[in-house]
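Structure, as structure tokens:
Proteins get letters first, then strands, A, B, ... in listed order; numbering begins at 1 in each. Remember, predicted model here, so these are calculated numbers, not experimental data.
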Number of protein chains: 2
Amino acid sequence: MRSLGQKVELLRIIAHPVRIRILEELMKGVKCVSDFEEFLDVSQPNISQHLGLLRNHGVIDYYMDGRLRCYYLVDPIIPEIIELLGRDYPEALPAPACCPVTRRGKYPGKRRRRKGRGPSAREI
Amino acid sequence: MRSLGQKVELLRIIAHPVRIRILEELMKGVKCVSDFEEFLDVSQPNISQHLGLLRNHGVIDYYMDGRLRCYYLVDPIIPEIIELLGRDYPEALPAPACCPVTRRGKYPGKRRRRKGRGPSAREI
DNA sequence: ACATCATATGCAAATATTATAATATTTTTA
DNA sequence: TAAAAATATTATAATATTTGCATATGATGT
């Protein structure tokens, strides 16, 4: 299982407009750097930097074909996340049942003990 | 549908260890700030900052219950992403069929035209 | 009204991310 | 082997994110 740190790392790597576009394209198939240049509208070195980042984090890899570097997806979670992001979610989650606001405190959880001293007031 | 910018924004907001923990906890139910203090091991102001950030981006909201702020999930994509991140993916994606490396150039896509001048050499 | 509890806010310092520009590397072809 | 094509690397400047700390706010009970 992915650790908390790995989850964060993965999301941070995906969370960039150029890199999302790269990943979306790679879901369609193998692409080389100059393919990305065609539609990405950022400089070639910048594209290489993003590709390098994705590769260092094990998200993509490449094979050489002549002088082309052919990049492809490696991490199977990527298509799933990209797909999720593309979905439409018309409804918000249902509000928690305990709403609406109460005056007396209908908070569903137990209250914590105060910091240093022993148990204070009442535990609701 | 979410724009590219919105996708990036969403991922960036989730991509933080404290915020992921917060969201994971909120998937179990309503929680107030001092609940988070118990297991998050960061300062209360810092927790409030993260909660504020999540709220500003429409990911969570709260209702008041006495002096407690009871936070809950709003954006329905959150549980899905959190669930994805928790999954196990034992296998990498299958390598593209066009591998292995060729000398002659078996690149599956069309090559692009060179920048300024008309069509160069051959289009493979 | 006052003290207290629960939480938020503002700001500066520390850190991280990103784009840009210049240059280097590698492979192929002539 | 030199030139060209395709891509990578590095340093740097600009910007964004995150944290810590002090303090502020608002609700509740007395």
So, is [X] near the phosphate of [N], with a side-chain N or O under 4.0 Å from OP1 or OP2?
X	N	result
B:Tyr71	C:dA8	yes
B:Arg69	C:dA6	no
A:His50	C:dA19	yes
B:Ser34	C:dC5	no

Would you kindly give the [atom1]-to-[atom2] distance between [X] and [N], to the nearest whole Å?
X	N	atom1	atom2	value
A:Arg55	D:dA8	CZ	P	9 Å
B:Met64	D:dT28	CE	P	7 Å
A:Leu40	C:dT20	CG	P	13 Å
A:Leu68	D:dA4	CG	P	19 Å

With a 4.5 Å limit on heavy-atom distance, are the side chains of [X] and [Y] in contact?
X	Y	result
B:Arg21	B:Phe36	no
A:Tyr62	A:Ile60	no
B:Ile81	A:Ile81	no

Listed pairs, N/O of protein and of nucleotides 21-24 of chain C, under 3.5 Å:
none

I'd like to know if the side chain of [X] and the backbone of [Y] have a donor-acceptor N/O pair within less than 3.5 Å.
X	Y	value
B:Asp75	B:Ile77	yes
A:Arg19	A:Leu54	no
B:His16	B:Val18	yes

Legend entry - DNA chain C-proximal residues of residues 4-29 of chain A, any heavy atom under 4.0 Å: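 Under 4.0 Å from DNA chain C: A:Arg12, A:His16, A:Arg19.
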Legend entry - Distance-only side-chain donor-acceptor flag, A:Ser48 / A:Gln44, under 3.5 Å: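 Judged by distance alone, the side chains do pair up.
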Legend entry - Minimum-distance pair of heavy atoms, taken over all atoms of B:Tyr72 and B:Val30: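 The pair with the smallest heavy-atom distance is CB-CG2, 4.2 Å.
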Legend entry - N-O pairing of A:Arg12 and A:Glu9 below 4.0 Å: no
Inset, instruction - Between A:Tyr62 and B:Val42, just flag the one whose closest nucleotide in DNA chain D comes earlier from the 5' side. - result: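 Nearer the 5' end of the strand: A:Tyr62.
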